[in-house]
Q: 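Below is one structure. I have some questions about it.
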2 protein chains.
Amino acid sequence: MQDGTFPSPDYPEVTAPRRDAGRGDAYARDCPTRALLDRVGDKWSVLILLLLGEGAMRFNGLKRRIGGVSQKMLSQTLRALERDGLLAREVLPTTPVSVTYRITPLGRELLAALRLMIDWAETRMGAVVAAQAAYDAACGRAP
Amino acid sequence: MQDGTFPSPDYPEVTAPRRDAGRGDAYARDCPTRALLDRVGDKWSVLILLLLGEGAMRFNGLKRRIGGVSQKMLSQTLRALERDGLLAREVLPTTPVSVTYRITPLGRELLAALRLMIDWAETRMGAVVAAQAAYDAACGRAP
DNA sequence: CAGCATCCATGACGATACTG
DNA sequence: CAGTATCGTCATGGATGCTG
């Protein structure tokens with residue numbers, strides 16, 4: 001029971017989050033960077049790209065490796081990443097069908113940029129956590 | 001009417017998004033990287049860091065430059081970034097008070113990593129949009 | 001000027017059940 | 001195995017009004 005229109009109720013739009021695009025915002029937010037950050041900021045995309053960076057995987061393989069993702073979110077995120085051209089989906093005509101997901105060159109490019117962020121996080125989030133503790137000590141419950 | 005407990009209803013937690021941290025997730029999601037991606041993925045943080053990268057600014061200055069942010073989100077995001085140690089808040093005792101926000105060295109580090117992502121987006125999001133169009137043409141409404 | 005408090009709409013996400 | 005469909009929840013974030 002589907003009339004065929006494409007975007008399902010919660011289909012993630014990548015190009016334009018459909019804000020007030022008419023306004024002349026000083027710093028436009030429907031720019032490519034915002035779209036990328038939306039994708040990268042969601043819960044599973046980066047995890048999936050990281051895993052597929054190690055090698056191609058099947059649906060349930062990903063599900064097991066991630067462990068904590070619902071199959072709704074997994075398939076939804078995979079479809080979005082495929083649509084973005086960041087990964088490729090191959091259907092092998094076995095019985096039952098097996099589907100393999102593989103990162104594309106474009107996805108690998110993004111992953112490289114992503115890894116710099118990840119490296120920064122792993123070396124410097126300690127400083128961030130320390131700053132948070134200092135902030136909370138000073139303002140949160142000061143005597 | 002506030003009993004003094006710190007986290008307000010919608011206070012952004014950076015360290016742990018309060019998932020099922022008890023589970024032994026194969027790929028833990030309450031890692032520093034996830035926390036960073038949550039911050040970076042929200043709507044205003046990156047924009048604010050970029051603006052403050054150009055120079056210190058006041059509250060309403062930021063609000064004007066961004067144009068589209070509510071002051072709730074602006075102050076909330078600024079407070080979170082300050083708590084993370086990514087920017088500093090200085091109160092000048094003028095009349096009325098003026099408050100200046102300035103990026104910290106830590107914030108500048110993050111901004112540098114961020115800029116690589118932004119550069120990637122600006123050069124390669126064209127390819128992503130093309131992939132989306134191809135995907136939609138093939139699956140969305142194919143004859 | 002620089003915020004905080006409150007209400008409310010949307011939508012992201014998870015749980016569950018069902019299919020080829 | 002690899003999904004789709006549906007429903008409920010809860011957080012995100014915008015609008016509005018008030019304060020020092």
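Quantities reported herein were computed from a predicted structural model and do not represent experimental measurements. The chains referred to below are lettered A, B, ... by the order of the sequence lines, with proteins before strands, and numbering in each begins at 1.
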Q: Could you tell me whether the phosphate oxygens of D:dT4, OP1 or OP2, come under 4.0 Å of any side-chain nitrogen or oxygen in A:Ser75?
A: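 For D:dT4, OP1/OP2 do have a side-chain N/O of A:Ser75 under 4.0 Å.
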Q: Is it true that A:Arg115 and A:Glu122 have a side-chain N and a carboxylate O under 4.0 angstrom from each other?
A: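 Salt bridge between A:Arg115 and A:Glu122, a charged N being under 4.0 Å from a carboxylate O: no.
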Q: Mind calculating the distance between NZ (A:Lys63) and C1' (D:dA2) to the nearest angstrom?
A: 12 Å
Q: Please determine if a side-chain N or O atom of B:Lys72 lies less than 4.0 Å away from the OP1 or OP2 oxygen of C:dT6.
A: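 For C:dT6, neither OP1 nor OP2 has a side-chain N or O of B:Lys72 closer than 4.0 Å.
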Q: Rounded off to whole Å, could you give me the CG-to-P distance for the B:Leu92 and C:dC1 pair?
A: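 Rounded to the whole Å, the gap is 15 Å.
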Q: How close or far is atom P of D:dG14 from atom CG of B:Asp42, stated in whole angstroms?
A: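 Answer to the nearest Å: 10 Å.
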Q: Reckon B:Tyr101 has a side-chain N or O less than 4.0 Å from the OP1 or OP2 of C:dG3?
A: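 Checking C:dG3 against B:Tyr101, a side-chain N or O does come within under 4.0 Å of OP1 or OP2.
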Q: Tell me which nucleotide among C:dC1, C:dG14, C:dA17 gets nearest to the side chain of A:Gln71.
A: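 Given the options C:dC1, C:dG14, C:dA17, the side chain of A:Gln71 is closest to C:dA17.
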Q: Want to settle it: does A:Val69 or A:Val97 sit nearer the 5' end of DNA chain C, counting the closest nucleotide to each?
A: A:Val69
Q: Tell me: CD of A:Gln76 to C1' of C:dG14, nearest whole Å?
A: 11 Å
Q: Within the side chain of A:Ser45, is there an N or O that forms a donor-acceptor pair under 3.5 Å with the backbone of A:Asp42?
A: no
Q: How close do B:Ile103 and B:Leu86 get, heavy atom to heavy atom, and via which atoms?
A: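 Smallest interatomic distance, heavy atoms only, reads CG1-O, 3.6 Å.
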Q: Take atom CG of A:Leu78 and atom P of C:dC13, then tell me their distance rounded to the nearest Å.
A: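 Answer to the nearest Å: 14 Å.
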Q: Could you give the CD-to-P distance, from A:Glu82 to D:dA2, as a whole number of Å?
A: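 Value for this atom pair: 15 Å.
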Q: To the side chain of A:Pro96, which of D:dC1, C:dG3, D:dA2 is closest?
A: D:dC1
Q: According to a strict under-4.0 Å criterion, is A:Arg79 in side-chain N/O contact with OP1 or OP2 of D:dG3?
A: no
Q: Could you report the tightest heavy-atom contact between B:Arg34 and A:Val40, atom names first, then the distance?
A: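 Looks like NH2-O, 4.2 Å.
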Q: Taking only side-chain N and O atoms of B:Arg58, does any of them lie within less than 4.0 angstrom of OP1 or OP2 on C:dC1?
A: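 So the side chain of B:Arg58 is outside the cut-off, no N or O lying under 4.0 Å from OP1 or OP2 of C:dC1.
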Q: D:dG14, C:dG14, D:dC1: which one has an atom nearest the side-chain heavy atoms of A:Asn60?
A: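 Of the options given, the side chain of A:Asn60 lies nearest D:dC1.
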Q: Using side-chain heavy atoms (C-beta onward) and a distance below 4.5 Å, is A:Leu74 in contact with A:Trp44?
A: no
Q: Could you check how far CZ of B:Phe59 sits from C1' of D:dT19, rounded to whole Å?
A: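 So the CZ-C1' distance, B:Phe59 to D:dT19, works out to 14 Å.
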Q: Take atom CE of A:Met73 and atom C1' of D:dT9, then tell me their distance rounded to the nearest Å.
A: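 Atom-to-atom, A:Met73 to D:dT9, this comes out as 14 Å.
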